[in-house]
Amino acid sequence: MWQVNEVNPTGIGSATVKPGAKSRKRTRTKSTNSDDTTMQAQDLPTAKLKKAKRSKRTPKGKSGSPAAGSEGLAGDFENWDWSQVHVGDNQAFGNDMGGFVCLEEIDGVDCTWEDTGMGGKIVKFRKVGRGSKKPTVSGAKAQPTQPLSQEMTESFIHLDGLRNRPASDSSDADDGNADEVFTGCGEESEAVETTTNQKSSLDPASEEELLDQEDPENDVLEEPDTQVVDGSRHNGAGAQAKTFDATFDISAWNDLKLCKAIRQALQKLRFSHPTPIQERTLPYAMAGRDIVGAAETGSGKTLGFGIPMIQHYLKHKAKLEDQLIGLILTPTRELAIQIKDHLKQLTTFGRMRIVTVVGGMSAQKQLRTLQQSPNIIVATPGRFWDLLKDVDDLAHKVQRIRFLAIDEADRLLERGHFEELTSILRVVYDTRDAPRPQTFVFSATITKKFQFQGKNGKSGKRDPLQVMMERIQFKDKKPVLVDVTQTNGMAQSLREVKINCLSTTRDLHLYYLVTRYPARTLVFMNSIDAIRRLVPILRLLDVAVYPLHAGMEQRARLKNVDRFKANPRAVLVASDVAARGLDIPLVEHVVHYQIPRAADTYVHRSGRTARAQKEGISIMLCCPEEREAFQRITKRLKKTNVPEFPVEQSILSELQKRVALAQRIEHAEFKARKATVDMDWYQKSADAMGIEVDSDYIPKIKKLETKSQNAVSDGQVKLWKQELQNMLKAPIIPKSVSKRFVSSGLIHDLAKRLSDSTTYNSSMPTFEQRSAIEDLDDHQSLSKLARKLNSLDN
Ligand SMILES: Nc1ncnc2c1ncn2[C@@H]1O[C@H](COP(=O)(O)OP(=O)(O)OP(=O)(O)O)[C@@H](O)[C@H]1O
């Protein structure tokens with residue numbers, strides 16, 4: 001019996017394997033013995049790596065062979081006694097349990113991860129015919145999954161105390177014929193252009209045809225089923241699992257005549273009314289119109305294009321069950337996953353297959369998912385373009401989609417995405433045998449002045465947005481333009497401030513912020529190297545900090561986003577990979593550790609807080625070297641005065657001692673690591689080739705050796721660490737308050753203050769626990785008062 005009792009997000013160590021009678025321990029050396037039935041859990045990632053490498057070399061067209069790629073890994077799984085796996089309420093796996101334990105890579109075993117709408121999760125392992133789950137690649141015909149006999153077929157894994165559920169129908173055969181249900185499509189309707197902040201009204205006469213539905217009241221409420229994801233992991237404010245309350249008032253949505261399943265999902269999410277962008281775009285979108293929409297970050301644009309797709313599908317479900325109706329393209333992987341989860345929240349009461357196709361995740365798994373006839377694909381252009389070339393029939397399906405959404409459109413125009421986007425658009429439109437898709441183009445920073453005139457910019461260069469707009473073959477002569485941005489795409493509830501500092505004191509000021517105001521904080525940095533330096537420093541300072549950047553494995557990226565979401569005092573240090581679209585609930589602070597290079601980036605970074613009408617603060621650490629960049633951004637965004645955030649100077653020197661020591665330790669450890677890596681590289685390369693190191697290189701090695709000898713000793717680093725630990729244990733007392741007074745009881749309730757973290761800051765007991773915004777408000781009213789008094793004096 002193979003039983004995984006508990007799984008650790010690191011993937012190492014905590015999973016236990018109980019070998020059966022035939023079992024024997026798997027060694028690290030590659031085994032091709034098909035009797036090798038048992039794996040140690042910690043071997044799995046290694047095995048997966050080997051498998052991944054092997055399959056990369058598998059020539060196209062041969063990958064469909066029954067045992068391809070499975071030797072040495074799967075073993076005799078037919079004789080495994082499948083058993084329950086319990087992972088408790090561990091949130092770290094994402095939707096990728098199968099990937100984590102590597103079962104997805106074993107030929108003949110399929111693994112799907114599903115949420116129910118009942119707050120629980122099911123991981124379902126299914127034995128399928130060998131080779132049948134292999135993805136179709138050029139030259140190899142798709143194989144539908146072939147379930148084995150009932151007793152062999154399913155083993156359900158119950159998470160969070162869910163009861164056994166019956167096997168869902170796994171026959172997802174795709175007949176490849178798109179139904180002609182393109183209502184409201186193909187006609188060129190009159191241009192409707194809404195100007196900024198003017199309320200658009202829906203023509204009541206056209207309501208019937210425009211809402212593209214039969215009778216919404218006749219919808220049969222479906223119980224939440226295994227297709228449903230509660231969205232609690234990758235989603236934002238609306239994502240917390242909420243209980244369904246049939247009395248919750250959603251009458252503000254009535255005009256849209258949404259089908260019952262969507263209305264119930266809105267009730268469950270407690271979305272009482274549409275946001276302004278939704279209110280302004282949905283009537284047109286549901287009438288089949290093309291939309292170009294601009295609205296502040298966090299204003300609910302996703303549902304602006306998501307609801308029309310879901311409504312259309314649910315209304316024509318019988319015909320569309322196996323059809324791809326929508327393609328959503330988005331620049332980042334995290335955003336794609338988040339959009340999928342957000343849309344799935346709306347399908348809680350109706351089945352719909354919404355899948356992601358993103359880089360950095362198992363392409364094999366995504367190929368298989370694509371074979372299961374998804375209804376909506378949310379994709380990043382790079383991976384989607386790769387798979388589009390490789391998956392039989394996908395191009396044909398894409399040519400028949402009913403909806404195309406381009407989210408964060410301006411970002412998709414940047415280098416690295418543009419070529420792939422253009423190629424995908426070519427597939428969408430070329431040799432199309434269906435009416436053009438209804439198209440949505442959304443962003444917070446899409447240019448307001450954008451017009452469909454096909455003119456060149458002032459510089460004589462082609463405006464890339466213009467180029468894209470020409471490439472998008474809108475079905476309407478003029479799409480509906482909706483721009484509800486008021487303040488350069490930033491939420492009105494966002495407070496923007498700066499802290500003037502030196503480049504050498506940025507670490508200190510950041511540490512001050514996260515210690516003085518412990519709250520979920522997203523820190524943006526301009527380079528990956530800078531993130532790699534800062535994260536260990538903050539960790540040494542006992543801050544719950546996680547990195548996120550493009551140099552990380554996708555799985556680690558998602559895990560860190562999850563950890564950040566799970567801890568209300570965590571700090572995520574990220575590159576601009578997290579600047580766009582990421583919807584994490586209750587991010588209270590965004591800190592620009594360095595000034596971003598472009599104004600749009602500043603807008604998107606700042607938009608990770610103050611979402612969905614909540615308050616938030618964006619803090620720029622400004623050092624003299626960045627003055628020019630700062631001025632460029634403020635000028636571009638017409639910000640005449642960015643107020644200064646108050647910093648309690650009396651505490652800084654205390655904090656500086658800790659920061660300086662942590663920096664010293666990090667630097668010593670980094671140098672030691674680097675010297676070892678460099679030396680190893682020379683030596684190992686030579687050893688591997690069975691040669692002696694060339695005399696030309698010996699001086700270099702010697703130099704490295706000397707360097708490493710000069711490095712700080714391990715013992716010294718240990719001492720520093722101990723010293724730092726001692727410092728961290730002591731409360732931080734402002735310079736002006738004598739420690740003697742503190743210890744002698746002048747702060748008579750010191751013990752209480754240290755333990756009462758709701759009233760007092762636990763590491764700075766002389767300060768009350770207040771939010772950054774409260775302190776900013778106080779500071780601003782005091783400054784105002786001082787100015788008033790000054791003017792009276794004068
Ligand atoms: N009608 C609504 N009522 C309340 N909350 C909503 C509503 N629509 C969406 N939300 C919530 O608002 C948050 C932001 O939504 P979304 O991610 O779609 O914003 P966005 O405009 O796409 O932001 P960005 O420009 O940063 O990508 C999400 O947590 C979502 O659940």
Side-chain angles (χ1 to χ4, degrees), residues 229-242 248-253 255-256 258 262-263 265-282 291 293-307 309-310 328-332 334-346 348 378 405-412 440-446 482-494 522 565 576 578-587 590 600-614 616 618:
V229 169
D230 71 11
S232 58
R233 295 189 63 263
H234 288 294
N235 220 334
Q240 286 95 359
K242 285 169 182 160
F248 185 76
D249 182 14
I250 51 157
S251 54
W253 295 87
D255 285 352
L256 291 168
L258 299 173
I262 296 181
R263 289 205 312 274
L266 291 171
Q267 276 183 315
K268 189 172 177 210
L269 289 166
R270 298 185 166 267
F271 287 179
S272 58
H273 53 269
T275 64
I277 185 73
Q278 292 161 1
E279 193 179 14
R280 300 275 299 282
T281 55
L282 282 175
I291 309 279
E296 281 86 16
T297 49
S299 58
K301 292 186 285 295
T302 312
L303 295 191
F305 57 78
I307 286 181
M309 296 189 193
I310 295 170
I328 300 169
L329 296 171
T330 179
T332 70
E334 285 80 3
L335 184 51
I337 291 166
Q338 179 184 292
I339 290 173
K340 179 203 73 175
D341 285 347
H342 196 14
L343 298 189
K344 279 203 163 188
Q345 288 179 310
L346 277 208
T348 308
V378 192
I406 303 178
D407 194 25
E408 306 290 351
D410 45 344
R411 172 78 178 89
L412 278 177
F440 306 111
V441 176
F442 276 92
S443 178
T445 44
I446 212 160
V482 177
D483 184 348
V484 295
T485 51
Q486 301 209 354
T487 45
N488 300 304
M490 334 260 297
Q492 280 172 303
S493 53
L494 176 75
L522 184 42
K565 285 178 180 174
D576 286 322
R580 294 244 178 188
L582 217 62
D583 182 44
I584 297 170
L586 306 178
V587 172
V590 164
D600 283 359
T601 310
Y602 171 76
V603 171
H604 285 282
R605 281 180 176 187
S606 303
R608 296 319 99 209
T609 183
R611 297 177 72 74
Q613 277 117 53
K614 294 201 174 61
S618 162

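Counting starts at 1 for both ligands and their atoms, following the listed order.
With rounding to the nearest 0.5 Å, the separation of CD in E408 from CG in L335 is 6.0 Å.
At least one donor-acceptor pair closer than 3.5 Å links the side chain of S493 to the backbone N or O of K614. Although no hydrogens or angles enter the test, the distance criterion places a donor-acceptor pair under 3.5 Å between the side chain of R608 and the main chain of H604. Between the Q278 side chain and the G300 main chain, a donor and an acceptor come within less than 3.5 Å of each other. Within the 3.5 Å criterion, the main-chain N or O of S299 finds a donor-acceptor partner in the side chain of T275.
A salt bridge does not link D407 with K301: every distance from a Lys NZ or Arg NE/NH1/NH2 to an Asp or Glu carboxylate oxygen is 4.0 Å or more.
Near H342, with a cut-off below 4.0 Å to any heavy atom, the atoms of ligand 1 are 30 (C), 31 (O). Numbered from 1 in the order shown, with element, the atoms of ligand 1 that lie under 4.0 Å from a heavy atom of R608 read 26 (O). Those atoms of ligand 1 with a heavy atom of T302 less than 4.0 angstrom away are 16 (P), 17 (O), 18 (O), 22 (O). The R611 neighbourhood of ligand 1 comprises atoms 14 (C), 16 (P), 17 (O), 19 (O), 20 (P), 23 (O), 24 (P), 26 (O), with distances under 4.0 Å to a heavy atom of that residue. Close contacts of ligand 1 with K301, meaning ligand atoms under 4.0 Å from a residue heavy atom, involve 18 (O), 19 (O), 20 (P), 21 (O), 22 (O), 23 (O), 24 (P), 25 (O). Annotation for ligand 1: atoms under 4.0 Å from non-hydrogen atoms of S299 are 19 (O), 20 (P), 21 (O). Close approach of ligand 1 to E296 (heavy-atom distance below 4.0 Å) involves ligand atoms 21 (O).
Ligand 1 is never approached by A295 to a heavy-atom distance shorter than 4.0 Å.
The shortest N/O to N/O separation between D583 and ligand 1 falls below 3.5 Å. Considering backbone and side-chain atoms alike, G607 places every N or O at 3.5 Å or more from each N or O of ligand 1. In terms of N/O distances under 3.5 Å, ligand 1 is approached by E408. Residue-to-ligand polar distances keep Q345 apart from ligand 1: every N/O pair is separated by 3.5 Å or more. In terms of polar-atom proximity, G300 is counted as a contact of ligand 1, with an N or O under 3.5 Å from an N or O of the ligand.
Considering every non-hydrogen atom in both A252 and S272, the closest pair reads CB-O, 3.6 Å.
Across the listed options W253, F305, F271, F271 owns the non-hydrogen atom lying nearest to atom 11 (C) of ligand 1.
Between H342 and F271, the two ring planes are perpendicular [angle over 60°; tilted spans 30° to 60°].
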Requested in this report: List the steps and the verdict of side chain to side chain contact (heavy atoms under 4.5 Å, CB included) for Q338 and D341.
Outcome: CA-CA 5 Å; Q338 179 184 292; D341 285 347; 5.8 Å; no
